[in-house]
Amino acid sequence: MHGFNIAQLLVDGVVAGSMYALMASGISLIWGTMRMLNFAHGEFYMIGGYTLFFALVALKVHPVIAVGLGLLMTFILGVVVERLIMRWLLLRAEWEMPTLVATLGLSVFMQNFALRTFGAGDLGLPYVVPGVFRVAGVVLPGQRIAIVLVAIVAFAAVWSILRYTKFGIAIRATSQDRDTAVLMGIDFPKVYMLTFGISVALAALAATMLAPIYSVNPWMGQRPMLKAFIVVVFGGLGSLEGAVLGGMALGIIESVGVAVVSSEWQDVIAFAILILVLWIRPQGLFGAKES
Amino acid sequence: MKLKSALIQITIATVLAALVPLVIHSEYALHVAVLALIFAVLAASWNLVSGYGGMFTFGHQAFFGLGAYVSALLAMHLGISTYLSIMIGTVFAMVAGVVICLPVLRLRGAPYIAIATLAFAEIVKLIADNLTSLTHGESGLAGIPPLSPIGAMTFSIADSRPYYYCALVLLAVTMVLVAAVLASPIGLAFGAIRDSQDAAESIGVDVTKYKVLLFMLSSALAGMAGGLFAHYVTVLTPSSILGIDVMVQIIAMALIGGLGTLFGPVVGAIILTVGLELLRSLGDYQLMLYGALLVIIIIVLPRGLSSLPMLIASAATKQPSLRGESWKHPIKQREP
Amino acid sequence: MAALLQLKEVTKAFGSLRVLDALDLEVDKGEIRGLIGPNGAGKTTLFNVIAGALRGDHGVITLDGSEITHFGSANRCRRGLARTFQVPKLFVGMTVLENAEVAALFGNPGHQSRSEAVARARWALNLAGIGELAGAKASVLTTGQRKMLELARAIATGAKLLLLDEVMAGLNPTELQHACDSLRALQTTGFTILMVEHVMQALMSLSHRVSVLFSGKIIMTDVPERVACDPRVIEAYLGKARGVA
Amino acid sequence: MALLELTGVEAGYAGVQVLWGVDLELREREIVALLGANGAGKTTVLRTISGIVKPWRGGISLQEQHLDGLSPREIVSRGVIHVPEGRHVFPRMSVVDNLRAGAYTERAWSHQRETLEDVYGLFPRLYERRSQFAGTLSGGEQQMLAIGRGLMARPKCLMIDEPSLGLAPKLVDAVLDLVIRIRDLGCTVLLVEQNAQRALEVAERAYVMEHGRILFAGASAAVAGDPAIRQAYLGL
């Protein structure tokens with residue numbers, strides 16, 4: 001045909017979508033639990049990327065350990081940031097605007113800190129998972145297969161934590177009705193801290209998977225974060241299922257969209273749809289839950 | 001603030017500022033001063049929607065950039081007077097303000113408004129990036145004509161002085177306009193909407209009408225500042241005037257001076273532009289400082305420098321904090 | 001006497017819960033009408049539907065003979081219906097006088113000068129008994145003063161009908177006395193008042209008639225003495241003893 | 001011996017005083033009703049006991065140990081549980097997860113299986129609906145769930161705020177019968193009720209509040225016959 005292979009486009013869309021979903025689910029989890037929007041989410045993603053890079057290149061550790069280090073590093077940083085910055089703001093009567101401003105400031109700070117420390121250059125990484133598979137004309141590099149698998153495992157893990165563990169119950173209870181959760185003896189500041197840590201670690205996971213494909217630089221988190229915003233608005237802020245569905249939808253639409261609209265205009269359309277969705281359904285496309 | 005005293009203060013400040021070029025002869029220092037004045041207009045215009053209107057937008061750079069690009073392109077391609085092109089750019093920005101205002105009107109909750117306005121600004125930036133035949137994308141639009149001469153006063157890149165006065169006039173006009181609007185019934189409506197939208201509606205304020213008006217006014221002023229900026233620096237790139245960094249600067253300036261105060265954003269713009277220029281040795285650490293400042297201000301001084309005297313006074317008299325409010329476990333209604 | 005406010009079969013449901021169930025209500029010109037009912041009876045919803053903060057699903061609301069069912073709250077206010085909020089929603093960035101001034105400027109459909117608005121605002125503050133606070137910041141007021149400022153703001157709109165949502169809750173005895181005096185003065189000035197109140201002594205002594213709202217309907221409207229003795233009302237409030245029913 | 005004791009408690013919100021010296025005493029294994037009109041301060045009493053509102057003055061003690069000043073979490077772990085007005089179940093969590101959330105403290109979590117069985121024994125209906133979202137339950141079922149969730153913490157003292165609010169008369173009976181059964185299991189119950197007649201039928205003693213003060217206290221029969229209660233509700 002025109003050189004487009006629909007199956008290939010769909011597969012590419014799922015790969016990209018699973019990463020959008022990882023980013024978006026973190027933003028959504030933070031929103032759902034703490035009622036704040038994290039504008040610095042992309043920078044935690046970046047931290048994950050740099051940690052992976054240095055673990056692989058400087059420490060020369062095994063890729064799995066490197067990914068683990070990336071998650072751990074970001075989790076710890078997230079917990080510290082929540083404890084030192086967000087805690088004070090979230091306990092104020094007026095917290096919406098201050099938390100937005102603080103995360104925005106944090107984002108700019110972290111980005112430029114990385115720029116000063118690591119330089120503006122793109123740091124390339126070898127694929128963690130080598131090899132290319134071909135199935136029925138669809139090209140599948142091992143790294144991309146790994147991405148989808150990791151995303152599935154990550155979602156299963158997060159879902160199970162939320163569903164089955166005591167901490168998961170505490171998160172869900174806090175997000176649905178914080179004031180009542182307090183009456184159960186749930187320590188919501190602790191819930192906030194760990195939720196923030198886990199959420200930004202999810203972003204770092206996405207980064208460690210994508211870094212070999214897109215390279216590491218101080219701005220690497222910006223696009224994924226803006227994309228994740230689109231996803232959470234589509235899926236409804238605070239909904240994990242919405243984040244997954246929205247992420248997949250955006251990935252596939254973008255991938256297939258290349259056949260229709262040239263790639264540089266895709267984001268324009270995506271953002272325009274985002275505004276339109278907010279206009280028509282302020283609670284998001286799938287987010288009918290919050291009345 | 002009473003209009004009269006506000007006008008007197010604006011006049012005094014303007015006169016004093018007009019004397020600055022007589023004292024400072026360094027071209028470089030004047031250049032910084034011009035930027036400070038332009039950013040002051042920008043911060044003051046954002047303060048209108050956010051500080052006085054209570055709608056925390058994250059896409060104000062879009063109006064600034066629109067005003068700049070439209071005016072620059074018109075002046076370059078049609079050869080019209082730069083003042084006319086700035087006016088047209090201003091109208092463009094104003095129309096854009098109305099367009100983005102419409103979805104924002106339906107949104108309650110700062111995060112939604114932030115996302116919507118940020119998405120809008122990203123659209124404008126992407127358009128500027130992608131319309132390379134017109135804007136040359138990220139390589140930048142160069143060769144923008146300087147401001148057209150006014151009588152004997154001519155403008156060139158080499159001399160910042162005329163621009164200084166031009167920017168000062170724009171700032172003075174902005175301040176007078178803002179002060180006059182705030183002192184009028186419209187200002188009361190704005191205040192009512194900011195403090196309680198429900199109550200404002202319940203006493204007959206047409207909330208939609210005044211929010212649109214606020215957006216129009218604010219985006220028009222930002223567009224005008226953008227136009228002046230374009231014909232001053234004569235080079236535009238999408239990331240330099242349409243990036244999120246610009247928004248961060250605007251927010252930092254307005255916050256450090258004090259949101260919702262008349263002079264706060266202007267003072268903030270001057271402090272940050274000049275102050276960070278003085279710390280030039282820090283070089284590229286500027287943006288890092290902006291980021292850190294935002295975080296620190298919002299935690300320590302959420303009402304900006306303007307609240308500092310009050311804070312000191314209350315600390316000196318050791319006013320007891322509200323009793324019975326447990327800061328450890330505050331129970332508040334937090335519905336989005 | 002003609003009805004100033006009339007509700008016909010007004011219904012409002014949240015999901016499957018019918019909070020207002022084909023409710024009828026008439027408030028006559030110049031009266032003080034009390035509205036009582038146990039917790040959860042739907043008083044706040046009824047107030048919001050009358051004021052226009054919520055739209056009813058069904059039914060017709062008329063004010064002074066003209067239908068206002070589909071108007072927003074700003075429009076209803078300009079037609080002569082003003083409300084207070086249970087938890088005062090003041091414009092805390094403004095002075096007391098400015099709070100009332102906004103109401104005078106925007107609540108009134110006719111064009112008026114700034115000085116007229118200020119004069120009307122002062123008049124309203126005096127009626128509510130807080131004239132001497134005109135220059136104070138609204139943010140420093142006590143609970144009682146906040147309630148009275150809400151009242152003054154409603155008065156300043158030039159409304160004919162005032163919907164008062166628990167203006168007396170949280171007042172100390174002196175403030176309570178002042179509030180009662182203010183309301184009586186308002187009634188003699190020609191205002192019509194519909195009030196929800198949990199301070200029963202005040203409500204019973206002020207109201208000409210009292211309507212009882214129970215499970216989404218007005219179950220009776222009568223003079224206070226008879227309402228307080230009515231077995232249906234006592235049952236609605238104190239509950240029914242088992243086996244009696 | 002007194003299980004829970006309040007002496008001269010004053011409290012309020014953001015500088016507005018609501019409680020003006022409340023004395024109250026609960027003994028082991030009894031049901032006490034706290035009555036009064038809307039806005040009398042009943043809910044604030046419960047919120048002060050559960051630590052959400054810090055008392056300005058006065059003392060609260062559980063078995064002669066101070067409760068005032070402790071965080072809500074510590075108060076819950078000592079066995080004083082507040083079932084809030086309006087039920088406040090977690091709507092998008094299953095019934096069983098709601099119940100498990102109630103067993104959040106260490107002690108209760110380790111016993112959750114047994115407690116869960118006890119609660120299902122008390123509320124067979126909840127067992128039938130255990131995997132349903134709590135938001136899909138009827139009002140009566142939600143009230144049962146809210147109480148059951150409170151029981152999951154294995155309370156010494158259960159404070160139930162307006163359990164009959166918005167329920168049909170038959171359900172009110174069912175809920176109040178349950179209160180008796182809960183007491184019989186060895187739990188002390190503080191019952192805040194709008195439905196005074198009904199509350200007085202199940203309670204041994206009652207306190208009547210007005211304007212943030214205890215107006216009257218005594219055995220249920222005495223309170224029921226006292227004109228003060230009608231005055232507190234209807235202002236006559």
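Just so you know, these numbers come straight off a predicted model, no measurement behind them. Excluded from the calculations below are hydrogen atoms, water molecules and symmetry mates; all remaining heavy atoms, backbone and side chain alike, are included. Just so we're on the same page: letters track the sequence lines, and every chain starts at 1.
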* Between R76(C), R114(C), R83(C), the one whose heavy-atom pairs under 4.5 Å with chain B are most numerous ->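 Of the candidates given, the most pairs with chain B belong to R114(C).
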
* Asked: Among G72(C), A117(C), A103(C), A159(C), which residue forms the greatest number of heavy-atom pairs with chain B at distances under 4.5 Å?
  ->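 Winner by heavy-atom pair count: A103(C).
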
With rounding to the nearest 0.5 Å, note down the distance linking [atom1] in [X] to [atom2] in [Y].
| X | Y | atom1 | atom2 | value |
| --- | --- | --- | --- | --- |
| S202(B) | K89(C) | OG | NZ | 8.5 Å |
| S139(C) | D195(B) | OG | CG | 9.5 Å |
| L105(C) | L188(B) | CG | CG | 6.5 Å |
| F106(C) | I203(B) | CZ | CD1 | 8.0 Å |

* To do: Taking all non-hydrogen atoms of both residues into account, name the closest pair between C77(C) and G204(B) and its distance.
  =>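 Looks like SG-N, 3.6 Å.
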
* Asked: Less than 6.0 Å separating the ring centroids of F190(B) and F91(C)?
  ->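 No, the ring centres sit 6.0 Å or more apart.
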
* Asked: Counting only heavy atoms not in K160(C), do more than 12 sit closer than 6.0 Å to its NZ atom?
  ->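 Atom NZ in K160(C) is crowded, with more than 12 foreign heavy atoms closer than 6.0 Å.
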
* Output the residues of residues 92-102 of chain C for which the shortest heavy-atom distance to chain B is under 4.5 Å, in residue-number order; output 'none' if no such residue exists. =>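 Under the 4.5 Å heavy-atom cut-off, V92(C), G93(C), M94(C), E98(C), E101(C), V102(C) qualify.
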
* Which bit of Y52(B) comes within less than 4.5 Å of chain C, counting heavy atoms only: side chain, backbone, both or neither? ->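 Neither; nothing under 4.5 Å.
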
* Proximal component of A51(C), with respect to chain B [non-hydrogen, under 4.5 Å] ->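 Interface part for A51(C): neither.
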
